[in-house]
Amino acid sequence: EDKVVQSPLSLVVHEGDTVTLNCSYEVTNFRSLLWYKQEKKAPTFLFMLTSSGIEKKSGRLSSILDKKELFSILNITATQTGDSAIYLCAAEGNEKLTFGTGTRLTIIP
Amino acid sequence: DAGITQSPRHKVTETGTPVTLRCHQTENHRYMYWYRQDPGHGLRLIHYSYGVKDTDKGEVSDGYSVSRSKTEDFLLTLESATSSQTSVYFCAIARQGISSYEQYFGPGTRLTVT
């Protein structure tokens with residue numbers, strides 16, 4: 001059975017801190033790892049990673065994939081209150097996504 | 001914005017009644033998906049479609065059926081709604097890249113079964 005596990009389940013930090021969110025996966029015919037941000041609505045796409053060791057960056061967010069150890073991390077530097085959200089990780093195999101339950105990130109001003 | 005709309009956006013219905021949710025896309029994507037999202041479970045795949053009249057079951061398909069008679073529309077039907085089907089339902093499309101599929105989500109439908 002395909003499985004994606006995220007940690008921590010929740011995280012509370014102060015504005016300006018750096019956070020690291022973790023995602024491990026076991027998915028048949030794995031092809032890619034995707035990160036989403038979800039505020040009080042639909043998940044919005046952040047990154048897709050397909051190759052090991054290549055960092056993807058978008059502003060203060062970055063992510064990297066380790067296909068040997070079957071995990072990915074999402075880093076957010078200089079956090080802002082607008083980063084407060086649930087961050088979802090999903091692994092794709094056979095044209096289907098398996099999602100983790102998410103990390104709820106709260107940024108305190 | 002992936003050109004996805006869902007209707008209705010909110011619905012309250014009674015146990016035992018049939019309910020149909022509609023997902024409409026404007027970009028001619030081949031793959032479409034229905035998920036439900038519940039606290040503690042994340043997003044779970046109900047059914048998906050890989051073309052007109054081509055559908056398959058996901059992880060939590062019991063009590064649900066789907067139909068896709070046109071590329072742009074993917075319908076989810078709860079044949080006889082139960083309280084356990086109270087949830088937020090998201091439709092998604094997949095944009096095919098060189099080596100994989102990025103999925104983009106519609107705005108969601110909040111369904112309450114009383």
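The structure presented is a predicted model; accordingly, all values stated were derived computationally and were not measured. Quick note on labels: first sequence line is chain A, next is B, and so on, each numbered from 1.
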NZ/B:K57: more than 12 non-hydrogen atoms of other groups inside 6.0 Å: no

Cluster overlap B:V88 with B:L75, hydrophobic side-chain contacts below 4.5 Å: no

Contacting moiety of B:Y50, where chain A heavy atoms sit under 4.5 Å: neither

hydrophobic_cluster_shared for B:L45 and B:L78, side chain cutoff 4.5 Å: yes

Co-membership, hydrophobic cluster, residues A:L97 and A:L46, 4.5 Å side-chain: no

Chain A contact via B:L43 - which portion, at a heavy-atom distance below 4.5 Å: both

Sorted by number, residues from residues 60-73 of chain A in contact with chain B (heavy atoms, under 4.5 Å): none

Residue part contacting chain A, namely of B:E59, when any heavy atom lies under 4.5 Å: neither

Hydrophobic cluster identity match, B:V19 and B:Y64, side-chain contacts under 4.5 Å: yes

Structural part of A:E1 lying under 4.5 Å from a heavy atom of chain B: neither

Any A:P43 side-chain heavy atom under 4.5 Å of B:Y104 side chain: no

Cluster link A:F45 to B:I93, ILVMFWY, side chain under 4.5 Å: yes

A:Y36 side chain to B:Q103 backbone, donor-acceptor under 3.5 Å: yes

Proximity of residues 99-109 of chain A to chain B, residues having a non-hydrogen atom under 4.5 angstrom: A:F99, A:G100, A:T101

Exercise: identify the closest heavy-atom pair between B:G106 and A:A42: O-CB, 3.0 Å

Distance-minimising heavy-atom pair for A:K41 and B:F90: O-CZ, 4.0 Å

Closest non-hydrogen atom pair between B:Y33 and A:K96, with its separation: CE2-CA, 4.5 Å

